[in-house]
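Reminder, nothing fancy here: chain letters follow the sequence lines and each chain counts from 1.
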Amino acid sequence: MFNGGLNETVNMNGKWFKLLCKNTEVQLTGTLNGGQSFRWRKVEKSPEQQWIGVFADKLWTLQQVDDGILYKVNENNVKTCPEEHYNELLRNYLNLDVELAPLYEQWSEKDPNFCEAAKQFYGIRILRQDITENIFSFICSQNNHISRITSMVEKLATFYGDQICDLDGISYYTFPKVDKLASDDVENKLRKNGFGYRAKYISQSAKFIMDNGGEKWIHDLQQLEYPEAKKRLLSLMGIGAKVADCICLMSLGHLQAIPVDTHIYQIATRWYMPKLAKQKTVTEKIYNEIGDYFRTLYGPLAGWAHTVLFCADLKKFQENQSEKKSHKRKKKEDS
DNA sequence: CGGTAGCCTGTGTG
DNA sequence: ACACACAGGCTAC
């Protein structure tokens, strides 16, 4: 019943599998749409809600059900992998080895504000993302809106990634390897395509990585402890403290990293560190103070706890926006 | 050393 | 229609 409409003669894949998992352990909406990855789209297949996105060089469709996640995989090579292999990839991407219930309990005990946020934002997970994708996506994210970041990441994949497959008339691409982003004329092309000053950062960072070992540079980065990894990321043009911490948290497994962006700064001054409210800008000193505060409050996985707060704040923000819109529409209808 | 002006431009708002 | 502010920051000064 789940294969309705899919052309299985063309694509050998497209068969539904299930990953068993409690809903309290994974909430797809908050996890995939919370600003961690910019590659997921929500598809309303009423009454179901599905998510389509790319990771591990494959196209995935995910759907939350009572006792887990239904998923199917599309990929280019004809030979299909065994279900266990896909299960393992998805488990890894969703970081399912980390059990969330006891963590939420600890954080809730320590922080009533977290406790409140956790009611609606259960099952928020830190994804284990591809390092290259993480680096270049978050270079795009600086001083930018999520909607625009999303379209920029999509452009990177279309321009420099490999095509995976077509689904419902849309072509999907892998996120490009570093060498592609380091090729000639990348800066030019990206600038023409609306990347602004980030075009140079992407090109320069890609070239820097290639000049310093390419894949080996990426691989070595994974072996470093948090402070060293962060320091090395900071040597890339266009990566500052916030983006470096995003990468440490989301693809290097340093769950104590706290990316302090405008949202977290607002949250910190509002609820936790009111004395900072008079500060105009987040200096390095303030940045570290905020991170240290949350690390003391939440412990070694503070970055995970912070992401839950971030999601709650982002959701509030989005709700405000849509409230305004519907209000506006209503007014228009009335008149 | 701490602080901040300037940066590209798409998107949303007045 | 047409401004105008501002975005999950960073670099250079």
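Base pairing of dC7(B): its partner is dG9(C), meeting the Watson-Crick or G-U wobble criterion (both donor-acceptor distances under 3.5 Å).
Rounded to the nearest Å, the gap between the C1' atom of dG10(B) and that of dT11(C) is 22 Å. dA5(C) sits 15 Å from dG6(B) when the P atoms are compared, rounded to a whole Å. For dA5(B) and dC6(C), the C1' atoms lie 16 Å apart once the distance is rounded to whole Å. One C1' atom belongs to dC8(B), the other to dC4(C), and the distance between them is 16 Å to the nearest Å. If you take atom P in dG8(C) and the same atom in dT13(B), they sit 12 Å apart, rounded to whole Å.
Listed pair Arg191(A) / dC8(B) meets the phosphate criterion, a side-chain N or O lying under 4.0 Å from OP1 or OP2. At the phosphate of dG3(B), OP1 or OP2 sits under 4.0 Å from a side-chain N or O atom of Thr283(A). Put simply, Thr281(A) has a side-chain N or O that comes within less than 4.0 Å of OP1 or OP2 on dT4(B).
Atom OH in Tyr287(A) sits about 16 Å away from atom P in dG8(C), given to the nearest Å. Going from atom CZ of Phe38(A) over to atom P of dA7(C) covers 15 Å, rounded to whole Å. Summarising the geometry, the separation between CG on Leu190(A) and C1' on dG10(B) is reported as 15 Å, rounded to the nearest angstrom. Rounding to whole angstrom units, CD1 of residue Ile258(A) and P of dG9(C) are separated by 17 Å. The nearest whole Å value for the distance from the CZ atom in Arg148(A) to the P atom in dT13(B) is 17 Å. Between the CG atom of Asp261(A) and the C1' atom of dC10(C) there is a distance of 14 Å, given to the nearest Å. Rounded to whole Å, atom P of dC6(C) lies 16 Å from atom CG of Asn144(A). Atoms OH (Tyr201(A)) and C1' (dG6(B)) sit 10 Å apart, rounded to a whole Å.
Contact annotation for Val243(A): backbone-only contact, meaning every heavy-atom pair under 4.0 Å involves sugar-phosphate atoms and none involves a base. When heavy atoms are screened at a 4.0 angstrom cut-off, Ala199(A) is found touching no nucleic acid atom at all. Residue contacts shown for Gly238(A) are limited to sugar-phosphate atoms, with no base heavy atom under 4.0 Å away. Within 4.0 Å of Gly240(A), counting heavy atoms only, lie sugar-phosphate atoms of the nucleic acid but no base atom. Residue contacts for Gln266(A): at a heavy-atom cut-off of 4.0 Å it reaches no nucleic acid atom on any strand shown.
Expressed to the nearest 0.5 Å, how far NZ of Lys180(A) lies from NZ of Lys177(A) amounts to 9.0 Å. Atom CD of Glu99(A) is separated from atom CG of Leu103(A) by 8.0 Å, given to the nearest 0.5 angstrom.
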Stepwise side-chain contact (heavy atoms from CB on, under 4.5 Å) test for Met210(A) and Val178(A): CA-CA 7 Å; Met210(A) 291 313 293; Val178(A) 185; 3.9 Å; yes
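Two rings, from Phe138(A) and Phe38(A), have their centers less than 6.0 Å apart. Between Tyr173(A) and Tyr160(A), the ring center distance fails the sub-6.0 Å criterion.
Each of Tyr272(A), Tyr265(A), Tyr287(A) was scored for a ring pair (Phe, Tyr, Trp, His ring centres under 6.0 Å) with Phe294(A), with one residue passing: Tyr272(A).
Both the sub-6.0 Å distance and the 45° axial angle are satisfied by Lys189(A) relative to the ring of Phe159(A).
No hydrogens or angles were tested; on distance alone, a donor-acceptor pair under 3.5 Å links the side chain of His145(A) to the base of dG10(B). Contact of Tyr197(A) with dG9(C) (side chain to base): a donor-acceptor pair of N or O atoms is detected under 3.5 Å.
Listed nucleotides dA12(C), dG10(B), dG8(C) differ in distance to Met237(A); the shortest reach to its side chain belongs to dA12(C). With distances taken from any side-chain atom of Asn143(A) to the nucleotides dT11(B), dG8(C), dC7(B), the minimum falls on dC7(B). You'll find that the side chain of Lys242(A) is closest to dC10(C), out of dC10(C), dT11(B), dT9(B).
Of the two residues near DNA chain C, Ile239(A) and Ser141(A), the one whose nearest nucleotide lies more 5' is Ser141(A). Ranked by how close their nearest DNA chain B nucleotide is to the 5' end, Gln142(A) and Ile286(A) are led by Ile286(A).
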